[in-house]
Amino acid sequence: MNTDNTKAQMRKGILEYCILAVLSRNSCYAVDIINELKKAEVIVVEGTLYPLLTRQKNAGLLSYRWEESPQGPPRKYYELTEVGKIYLNELDKSWEALVESVNQIRDKK
Amino acid sequence: MHSIKYNIYICTTKLVCINRYLTKKTMKVTVNINLGGYAFNVDEDAYDRLRQYLKSLEKEFSGESSAAEIMSDIEGRIAELFKSRLTGYKQVITMKDVEEIMVILGAPEVISGSGTSEEPPPRSQRRIYRDPDGRIIGGVCAGLGAYFNWDPLIWRVIFVALVLAGGFGIALYLILWIIVPEAKTTAQKLEMRGNPVTVENIKDSVKQEFETVKKKMNL
């Protein structure tokens with residue numbers, strides 16, 4: 001057992017939730033999401049995000065529009081769909097429940 | 001890697017090679033690539049590295065239904081990162097640039113989330129060796145037996161029959177003795193029997209060998 005592996009597994013579990021949470025505020029393109037998640041130390045490398053965004057888009061949680069970029073190819077700006085908002089709401093609830101459960105176990109004397 | 005097209009202009013006496021430029025030390029060949037709809041001049045070594053990287057990414061996403069879309073997103077991002085590294089004075093993508101973007105985007109196994117790089121499935125290719133443990137003369141028949149999973153006795157009967165039938169068997173046996181390598185290491189012995197060479201199998205096999213020696217010595 002090493003802690004790095006466990007930490008990585010934990011982060012992986014909440015990554016999808018975090019992406020939806022970032023997008024709930026405003027629509028962004030991949031690098032905006034990456035910067036925010038990197039700052040919060042949820043992800044380490046950019047590449048992790050692309051397959052997840054595509055999966056969430058295919059699942060109908062996200063939609064995107066193309067926008068011109070000042071530099072390089074046009075960018076995909078993602079935003080939450082109605083389904084995505086409902087889904088995020090569900091995840092919010094289960095996250096709170098999870099934190100509460102863990103705290104309950106940890107603080108038990 | 002569908003969206004990368006490359007042309008290498010080859011110098012001939014008539015054609016001027018447009019894809020060469022001078023560096024301090026030596027001339028380097030560059031490759032023209034199309035990434036996310038933008039053309040880039042990439043050093044040959046950097047191009048090889050990039051192609052390798054994109055190939056391994058593609059392999060990592062091969063199970064994904066929209067692998068092509070993910071790849072084109074990533075290629076678009078690489079194009080953006082490359083563009084930010086080019087200036088009026090620097091027009092060619094170098095190895096350093098490629099290595100930098102690989103750090104930013106991450107290694108394939110990290111991206112796909114297998115995270116703690118899982119071991120690739122061990123190869124279980126069967127190879128022919130001479131078996132020194134079961135040998136009578138050179139271990140050829142024992143080795144053939146292990147390879148085909150037959151009793152070596154069958155091969156011995158065949159060879160003896162060939163010898164009796166005109167001596168051809170002796171020559172054949174000698175040739176095989178020369179060209180077939182002996183299974184010396186435990187890994188080779190596993191390969192001979194078609195078992196995958198894994199740490200577990202090597203451990204088991206060594207243990208088994210130890211047991212036989214113990215039995216032989218009547219301990």
Side-chain angles (χ1 to χ4, degrees), chain A residues 1-19 23 28-39 41-78, chain B residues 3-4 33-40 50 53-87 93 97-119:
Chain A
M1 282 303 272
N2 71 35
T3 48
D4 282 347
N5 193 9
T6 313
K7 280 184 209 163
Q9 294 292 333
M10 279 183 178
R11 275 201 295 265
K12 204 175 126 192
I14 57 164
L15 194 51
E16 292 197 33
Y17 175 42
C18 290
I19 294 170
L23 287 171
C28 336
Y29 101 107
V31 177
D32 298 331
I33 306 172
I34 286 160
N35 288 337
E36 193 147 342
L37 296 181
K38 265 191 180 167
K39 224 190 300 168
E41 291 181 8
V42 180
I43 57 169
V44 190
V45 294
E46 283 196 8
T48 323
L49 194 70
Y50 294 96
L52 288 176
L53 283 174
T54 305
R55 258 176 248 154
Q56 291 184 328
K57 184 213 68 182
N58 289 347
L61 305 178
L62 305 178
S63 62
Y64 69 86
R65 60 175 195 280
W66 288 102
E67 258 180 47
E68 287 293 322
S69 150
Q71 191 174 46
R75 295 165 170 176
K76 273 179 181 172
Y77 272 76
Y78 287 94
Chain B
S3 57
I4 290 196
I33 63 165
N34 166 0
L35 207 56
Y38 283 79
F40 294 98
L50 178 67
Y53 178 62
L54 288 174
K55 259 200 181 145
S56 56
L57 281 183
E58 209 168 48
K59 212 169 128 196
E60 207 63 51
F61 297 137
S62 56
E64 209 82 36
S65 59
S66 37
E69 191 179 353
I70 299 170
M71 283 309 291
S72 94
D73 285 350
I74 289 176
E75 283 175 12
R77 177 64 180 150
I78 295 175
E80 198 176 58
L81 289 168
F82 277 173
K83 283 223 100 187
S84 70
R85 278 166 173 69
L86 295 176
T87 61
I93 297 295
D97 297 319
V98 171
E99 275 168 358
E100 277 171 13
I101 65 110
M102 279 168 53
V103 170
I104 293 172
L105 285 165
E109 60 274 7
V110 178
I111 291 176
S112 74
S114 44
T116 49
S117 57
E118 279 165 38
E119 276 177 54

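So you know, we letter chains A, B, ... as the sequences are listed, proteins then strands, and number each from 1. Computed from a predicted model, the values in this text were never measured in an experiment.
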Do A:T54 and B:D73 make a side-chain contact, defined as non-hydrogen atoms from C-beta onward lying under 4.5 Å apart?
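They are in contact (side-chain heavy atoms under 4.5 Å apart), so the answer is yes.
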Heavy-atom pairs under 4.5 Å with chain B, option from A:K76, A:E46, A:R75 with the top count
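Sorted descending by pairs with chain B, the first entry is A:E46.
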Can you list the residues that meet the salt bridge (Lys or Arg N to Asp or Glu O under 4.0 Å) rule with A:E36, with sequence neighbours excluded?
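For A:E36 the salt bridge (Lys or Arg N to Asp or Glu O under 4.0 Å) partners, ignoring immediate neighbours, are A:R25.
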Between B:A79, B:S84, B:G76, which shows the greatest number of heavy-atom pairs under 4.5 Å with chain A?
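With the most close heavy-atom pairs to chain A, the winner is B:S84.
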Pairwise distance [atom1]([X]) to [atom2]([Y]) - rounded to 0.5 angstrom:
| X | Y | atom1 | atom2 | result |
| --- | --- | --- | --- | --- |
| A:Y50 | B:E75 | OH | CD | 12.0 Å |
| B:E64 | A:N58 | CD | CG | 8.5 Å |
| B:I70 | A:R55 | CD1 | CZ | 6.5 Å |

How close do B:E80 and A:S69 get, heavy atom to heavy atom, and via which atoms?
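Scanning both residues, the minimum pair turns out to be OE2-OG, 4.0 Å.
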Measure across A:P51 and B:F61 and return the closest heavy-atom pair with its distance rounded to 0.1 Å.
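Shortest heavy-atom separation between A:P51 and B:F61 comes out as CG-CE2, 3.7 Å.
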